[in-house]
Novice: 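Okay, here's the structure, questions in a sec.
All residue numbers refer to positions in the sequence shown, counting from 1. The structure displayed is predicted, hence computed values, not measured ones. Any value given below was found using the heavy atoms of this structure, including those in side chains, with hydrogens, waters and symmetry copies removed.
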Amino acid sequence: MCAQTHSRVETEEQLPNATEFIADLARSVGFLSRLPVPDRFFRGHDGTISRAVRAFPVAGLIIAALPALILLLLQSSDPLLVSLIALAILTLLTGALHEDGLADAADGLGGGRDKDHALLIMKDSRIGAYGVVALVLSFGLRASALAALFREDAITAALAVLAVAAVSRAVLVAHWRSLPSARENGVAASAGLPEDGARNISLFIGAAIALVLLVPVLGLPKVLLSLIAAALAGFGFTRFVRQKLGGHTGDTIGATQQLSEIAMLATLALVA
């Protein structure tokens with residue numbers, strides 16, 4: 001009887017945690033994409049996602065599910081064309097959230113004389129030469145890498161899209177947590193700084209997803225190398241932003257996602 005009672009208590013204690021994670025996942029999907037999320041997950045919520053970021057990698061999986069499916073459905077078509085279609089759908093699903101951050105960050109960090117000038121440029125809605133070049137390189141490198149994987153095997157390419165979507169959003173969280181906010185009233189500042197525990201969970205989930213999805217098709221050494229490449233891209237960019245701005249912005253967070261995605265996809269394509 002005591003054992004049954006103890007088991008029931010443990011189950012009751014676990015249920016709220018599962019419920020909380022589902023709520024965090026819903027808020028993460030709403031924050032990172034244009035996908036519809038039921039209003040009930042936002043009622044009474046203060047708008048911060050300090051804890052919800054732990055679900056970012058899983059949200060990445062959900063967002064990348066349709067592009068991955070497109071790769072499988074069109075596996076007899078031209079690899080580069082299908083890759084660009086998949087990236088286009090992915091961009092539409094996120095509302096170009098991360099691409100916008102990459103372009104603005106490239107303009108500000110590339111053209112800014114100092115912190116204040118860089119932040120002023122990044123706040124400008126117009127796009128400059130650095131931003132255009134960054135976007136062209138981002139889509140070009142990702143499409144080329146995805147096409148190379150697609151030529152080998154459409155299933156591998158689809159799994160790579162899912163894994164990279166998860167890992168890049170975990171690296172995003174690490175960048176966000178590593179730096180203070182460069183603006184007091186920015187979007188990232190109002191969303192709240194990620195909790196240490198949430199960041200650790202996010203990184204663990206992102207790496208675990210990549211290992212589970214990619215090791216069976218590419219092997220452990222290649223997958224580990226791609227994870228290292230994504231981590232180095234995020235770490236290097238974070239260090240650069242620290243020196244240039246002294247803190248993160250919503251744009252540098254988006255740029256981190258793009259850079260780590262490029263690094264991981266390119267590495268997978270080169271070693272596959």
Side-chain angles (χ1 to χ4, degrees), residues 30-35 56 59-60 63-64 67 80 83-147 161 164-165 167-176 178-179 181-183 185-191 229-230 232-266:
F31 184 82
L32 293 171
S33 76
R34 297 290 180 87
L35 293 173
F56 271 22
I63 296 167
L80 184 57
S83 298
L84 284 169
I85 290 173
L87 289 177
I89 293 173
L90 186 60
T91 304
L92 289 173
L93 290 175
T94 62
L97 176 68
H98 308 302
E99 286 80 4
D100 179 67
L102 175 66
D104 287 343
D107 281 333
L109 296 172
R113 296 186 300 270
D114 52 33
K115 173 183 176 180
D116 292 336
H117 188 220
L119 290 175
L120 182 63
I121 292 174
M122 291 163 71
K123 195 173 182 179
D124 193 336
S125 60
R126 294 171 295 181
I127 187 170
Y130 286 104
V132 171
V133 171
L135 287 177
V136 169
L137 289 175
S138 173
F139 278 99
L141 289 170
R142 286 185 293 158
S144 298
L146 194 54
V161 166
V164 169
V167 171
S168 62
R169 283 160 181 80
V171 177
L172 171 162
V173 174
H175 170 84
W176 194 347
S178 297
L179 300 173
S181 178
R183 293 194 185 99
N185 58 350
V187 174
S190 63
L232 288 176
F235 175 79
F237 183 66
T238 298
R239 185 174 180 180
F240 176 69
V241 171
R242 187 191 302 276
Q243 295 172 345
K244 188 79 174 183
L245 302 178
H248 68 255
T249 69
D251 292 327
T252 68
I253 292 171
T256 302
Q257 187 279 330
Q258 287 283 284
L259 292 173
S260 57
E261 181 172 299
I262 293 168
M264 187 170 178
L265 265 180

Novice: Is there side-chain contact between Glu99 and Thr94, with at least one heavy-atom pair below 4.5 Å?
Specialist: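 When only atoms from C-beta onward are counted, Thr94 and Glu99 do touch, with a gap below 4.5 Å.
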Novice: Name the residue from His175, His98, Arg169 that meets the side-chain contact (heavy atoms from CB on, under 4.5 Å) definition with Thr256.
Specialist: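 That would be His175.
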Novice: Is the ring pair Phe31/Trp176 parallel, tilted or perpendicular, if the boundaries are 30 and 60 degrees?
Specialist: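 It falls in the parallel class, under 30°.
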Novice: For Ala64 versus Leu90, what's the shortest heavy-atom pair and its separation?
Specialist: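 That would be CA-CD1, 4.1 Å.
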Novice: Counting C-beta onward and ignoring hydrogens, is there a side-chain heavy-atom pair between Leu109 and Phe237 closer than 4.5 Å?
Specialist: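 Yes - at least one pair of side-chain heavy atoms lies under 4.5 Å apart.
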Novice: Is the side chain of Thr252 donor-acceptor paired with the backbone N or O of His248 at a distance under 3.5 Å, no angle test?
Specialist: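 Absent.
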Novice: Provide the closest heavy-atom pair for Asp107 versus Ala129 in the form atom of the first, atom of the second, distance.
Specialist: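 The answer is OD1-N, 3.9 Å.
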Novice: Inspect the surroundings of CZ in Phe235 and state if more than 12 heavy atoms from other residues, nucleotides or ligands are less than 6.0 Å away.
Specialist: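 No, not enclosed.
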Novice: If every non-hydrogen atom of Ala105 is compared with every non-hydrogen atom of Ala255, which pair is closest and at what distance?
Specialist: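 Taking every non-hydrogen atom into account, CB-CB, 3.9 Å.
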Novice: Identify the heavy atoms of Val167 and Ala230 that sit nearest to each other, and give their distance.
Specialist: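 Taking every non-hydrogen atom into account, CG1-CB, 4.1 Å.
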Novice: Working to the nearest 0.5 Å, report the span between CG of Leu102 and CG of Leu97.
Specialist: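 Output value for this atom pair is 11.5 Å.
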Novice: Output all residues satisfying ring pair (Phe, Tyr, Trp, His ring centres under 6.0 Å) with Tyr130, sequence neighbours left out; order by chain, then residue number.
Specialist: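 Listed in chain order: nothing, the list is empty.
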Novice: Per the salt bridge (Lys or Arg N to Asp or Glu O under 4.0 Å) rule, what does the pair list look like for residues 255-266, sequence neighbours excluded?
Specialist: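 Salt bridge (Lys or Arg N to Asp or Glu O under 4.0 Å) check on residues 255-266 returns Arg142-Glu261.
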Novice: Mind listing the closest non-hydrogen atom pair of Ser178 and Thr238 along with its distance?
Specialist: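 Closest approach of Ser178 to Thr238, heavy atoms only: CB-CG2, 4.0 Å.
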Novice: Find the distance between CG (Leu172) and CG (Leu259) and round it off to the nearest 0.5 Å.
Specialist: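 CG of Leu259 is found 11.0 Å from CG of Leu172.
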Novice: By the definition side-chain contact (heavy atoms from CB on, under 4.5 Å), identify the one residue from Leu87, Thr91, Ile85 that meets it with Ile89.
Specialist: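 Only one of Leu87, Thr91, Ile85 forms a side-chain contact (heavy atoms from CB on, under 4.5 Å) with Ile89, namely Ile85.
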Novice: Hey, which of Asp251, Ile121, Asp124 is the one that makes side-chain contact (heavy atoms from CB on, under 4.5 Å) with Asp104?
Specialist: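 Only match with Asp104 under side-chain contact (heavy atoms from CB on, under 4.5 Å): Asp251.
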Novice: Mind checking the CG-OG spacing from Leu92 to Ser33? Nearest 0.5 Å is all I need.
Specialist: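 Separation between the atoms: 12.0 Å.
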Novice: First locate atom CZ of Phe56, then atom CD1 of Ile63, and finally report the distance between them rounded to the nearest 0.5 Å.
Specialist: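 Taking CZ in Phe56 and CD1 in Ile63, the distance rounds to 9.0 Å.
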Novice: What are the two closest heavy atoms between Gln257 and Ser168, and how far apart are they?
Specialist: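 Heavy atoms of Gln257 and Ser168 come nearest at NE2-OG, 3.0 Å.
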Novice: With distance as the sole test, does Ser144 use its side chain to make a donor-acceptor pair with the main-chain N or O of Leu141 at under 3.5 Å?
Specialist: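 Side chain of Ser144 to backbone of Leu141, a donor-acceptor pair under 3.5 Å: no, none is there.
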Novice: Using the test side chain to side chain contact (heavy atoms under 4.5 Å, CB included), find all partners of Ala88 that sit at least two apart in sequence or belong to another chain.
Specialist: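 If we apply the side chain to side chain contact (heavy atoms under 4.5 Å, CB included) test to Ala88, skipping adjacent residues, there are no hits.
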Novice: Does any N or O in the side chain of Ser138 come within less than 3.5 Å of the main-chain N or O of Ala134, such that one atom is a donor and the other an acceptor?
Specialist: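 Here the side-chain-to-backbone pair does not exist.
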Novice: Just checking Lys123: does its NZ atom have more than 12 heavy atoms from other residues, nucleotides or ligands closer to it than 6.0 angstrom?
Specialist: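 Check fails, neighbour count at 12 or below.
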Novice: Please check this pair: side chain of Lys244 against backbone of Ala118, looking for a donor-acceptor N/O pair closer than 3.5 Å.
Specialist: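 Absent.
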